[in-house]
Asks: 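I have a structure here, written as structure tokens, and I will follow up with some questions on it.
Reckoned from all heavy atoms, side chains included, excluding hydrogens, waters and symmetry mates. Below, read A as the first sequence line, B as the second, and so on, with proteins coming before strands; counting in each chain starts at 1.
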Protein chains: 2
Amino acid sequence: MSKKYKILVADDDSDILEIIKFNLERNDFEVTVTNKSTETYELALKIRPDLILHDVMMPDMDGFQVCRKVKSSDILRDTPFVFLTARNEEHHEVQGFELGAEDYIAKPIKPAALSTRLKAIIRRYTKEEKLPSLQLGIFRIDREGYVVYKNEEQISFPKKEFELLYILASSPGKVFSREDVLSRVWGNDVYVGERTVDVHIRKIREKIGDDYITTIKGVGYKFVIG
Amino acid sequence: MSKKYKILVADDDSDILEIIKFNLERNDFEVTVTNKSTETYELALKIRPDLILHDVMMPDMDGFQVCRKVKSSDILRDTPFVFLTARNEEHHEVQGFELGAEDYIAKPIKPAALSTRLKAIIRRYTKEEKLPSLQLGIFRIDREGYVVYKNEEQISFPKKEFELLYILASSPGKVFSREDVLSRVWGNDVYVGERTVDVHIRKIREKIGDDYITTIKGVGYKFVIG
DNA sequence: GTATATATTAAGCAATTATTAACGTTGGAA
DNA sequence: TTCCAACGTTAATAATTGCTTAATATATAC
């Protein structure tokens, strides 16, 4: 199953919003809509969509302005921005691309094609960040292979243990509370007892040795380079 | 010791209020409740909660109106607003997000999960300034790692000692009374004898040397740069 | 010198973490 | 499918560490 993409759609025509929402959701997108372009930016900041689909002509603030704002935001710059245009607005295209829009989609929309096209755009423009391998002293932590090398020795980890070690090792010397760890490795919507972290730490220590993860009592754990 | 969060809860069902209050308080939140949504805004202004948890459907004024009011207030704008919705009200979500709500929580509530989730939301949306490391003469006090460097030597501290040293060192030359120290490190509603501070000071001096914390008799202690 | 405040030490207690074992779940192999 | 092994989680118990207090010693101000 591929990742569920989040789309933010802005259009002042609520019928169009409805059509788009319905179709995208049927194709397994997560869709948020708005009919006020003044809200697009704030909404996008909040939900961090994988793509923004925006009408060019909107009453309160036109799509170009929104696009400019998005593309000048550190956080949203890399979010693909796609314009919805009426057929007779093609002359807007140049302007839009100059602002950094990734694509245009003409109305009327062909529902069947829409989701395919958006997926393609997302895949093309979102560099799937592959988290890099870490080299820390005698350790090399290889994210691709879920493998850790201690000098030449290869040690393999199950998922949770690996993720936990990776989090700690990605900021060596920084103390992570169990809460930190849980929210990063398990996610914010999974509710697991904090003692679970202890057990995983134990297993990691068993494999890499006791000297590389330090307990700060009352605070948490940290990775220290040996 | 992490900060104690204040939550304002509005719901017309007093049973639910009770359940939520009980559970959050057990998890170290400070909880204020109301069953009149017309009061939410005024109450929020008064107590400045870290998060507002609000039922969508309420008899006197619905949650959306309250949300709009909160989000258009300079003072409360940044307070995370979370809706409580019944399962069959999911279609409200978009509307809520448009108004600026930060999240939704569906009833029936899972008490165990609630506090964790709210904490996560608060942390995500309220930028808590992370306390920086301090560089003072030959000392570097690294808050992230709960470690102090004296020149190149690394000295580790248990929680209380570290916090105490950090407080003193964050205003070098300033004298802190034992009372000051207690309220800042131990918190305001923990009652410990003042002599306890002496013992901690002793242990810190043992580790970093006697010359860096000066006693002002009758007043308190201060950190002096060596 | 005396009174008051602080330093020092040690010991009991409380809280946190370590460790082990058991249980339920999942995914893969036969 | 069925079985087995690995994984993740929890719970129970052990071990450890840190916190606090109390008691005694030392220093300082007047």
Asks: Of all nucleotides in DNA chain C that come within under 4.0 Å of a heavy atom of chain B, which is furthest toward the 5' end and which toward the 3' end?
Replies: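 Endpoints of the contacted stretch of DNA chain C: C/dT4 to C/dT9.
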Asks: Is the number of heavy atoms from other residues, nucleotides or ligands within 6.0 Å of NZ (A/K159) greater than 12?
Replies: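 For A/K159, atom NZ is not crowded (no more than 12 foreign heavy atoms under 6.0 Å).
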Asks: Donor-acceptor pair, B/K207 side chain versus B/F157 backbone, under 3.5 Å?
Replies: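 No.
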Asks: Quick one: does any side-chain atom of A/N151 pair with a main-chain N or O of A/E153 as donor and acceptor, under 3.5 Å?
Replies: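 Not a single qualifying donor-acceptor pair exists.
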Asks: Is there a donor-acceptor pair closer than 3.5 Å between any side-chain N or O of A/T34 and the backbone N or O of A/T40?
Replies: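 Checked: no pair found.
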Asks: Only counting residues at least two apart or in another chain, list the ones meeting ring-ring contact (aromatic ring centres under 6.0 Å, His included) with A/Y146.
Replies: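 Testing A/Y146 for ring-ring contact (aromatic ring centres under 6.0 Å, His included), a comparison that skips the adjacent residues, returns A/F162.
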Asks: Within the structure shown, what part of the strands sits under 4.0 Å from B/T196 by heavy-atom distance: base, sugar-phosphate, or nothing?
Replies: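 The residue B/T196 makes base contact.
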Asks: NA contact type, B/Y221, heavy-atom cut-off 4.0 Å: base, sugar-phosphate, or nothing?
Replies: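 Touches sugar-phosphate only.
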Asks: Partners of A/Q135 by side-chain contact (heavy atoms from CB on, under 4.5 Å), sequence neighbours excluded?
Replies: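 Counting only residues at least two positions away or on another chain, A/Q135 forms a side-chain contact (heavy atoms from CB on, under 4.5 Å) with A/R140.
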Asks: Below 3.5 Å, can you tabulate the donor-acceptor pairs from side chains in residues 12-22 of chain B to any protein atom, sequence neighbours excluded?
Replies:
from, atom 1, to, atom 2, distance (Å)
B/D13, OD1, B/D15, N, 2.8
B/D13, OD1, B/I16, N, 3.3
B/K21, NZ, B/E25, OE2, 2.6

Asks: Distance under 4.0 Å to a non-hydrogen atom of chain A counts as contact; along DNA chain D, which nucleotides mark the start and end?
Replies: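 Extent of the interface on DNA chain D: D/dC7 to D/dG18.
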Asks: Estimate the overall bend of the helix from C/dG1-D/dC30 to C/dA30-D/dT1 from the end axes over five pairs each, rounded to 10 degrees.
Replies: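 Rounded value for the end-axis angle: 30°.
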Asks: Base, sugar-phosphate or nothing for A/K160? Non-hydrogen atoms, less than 4.0 Å.
Replies: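 Sugar-phosphate contact only - A/K160 comes under 4.0 Å of backbone atoms but never of a base.
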Asks: Let me know, please, whether B/I201 or A/D210 comes out on the 5' side of the other along DNA chain C by nearest nucleotide.
Replies: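 Checking each residue's closest nucleotide, the 5'-ward one belongs to B/I201.
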Asks: For B/R205, which contact category applies under a 4.0 Å heavy-atom criterion: base, sugar-phosphate, or nothing?
Replies: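 The answer is sugar-phosphate, as B/R205 gets under 4.0 Å only of primed atoms, P, OP1 or OP2.
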Asks: Among side-chain atoms of B/S170 and B/R143, is any donor-acceptor pair under 3.5 angstrom?
Replies: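 Their side chains do not contain a donor-acceptor pair, so the 3.5 Å distance test is not met.
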Asks: Check for me whether the distance between the ring centres of B/F83 and B/F64 falls short of 6.0 Å.
Replies: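 Yes, the ring centres sit under 6.0 Å apart.
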Asks: Using modelled atom types only, decide if a donor and an acceptor are shared between the side chain of A/K203 and the backbone of A/D198 within a distance under 3.5 Å.
Replies: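 No: the side chain of A/K203 does not pair with the backbone of A/D198.
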Asks: Could you tell me whether B/R202 and B/E206 make a salt bridge, using a distance below 4.0 angstrom between a side-chain N and a carboxylate O?
Replies: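 Salt bridge: yes.
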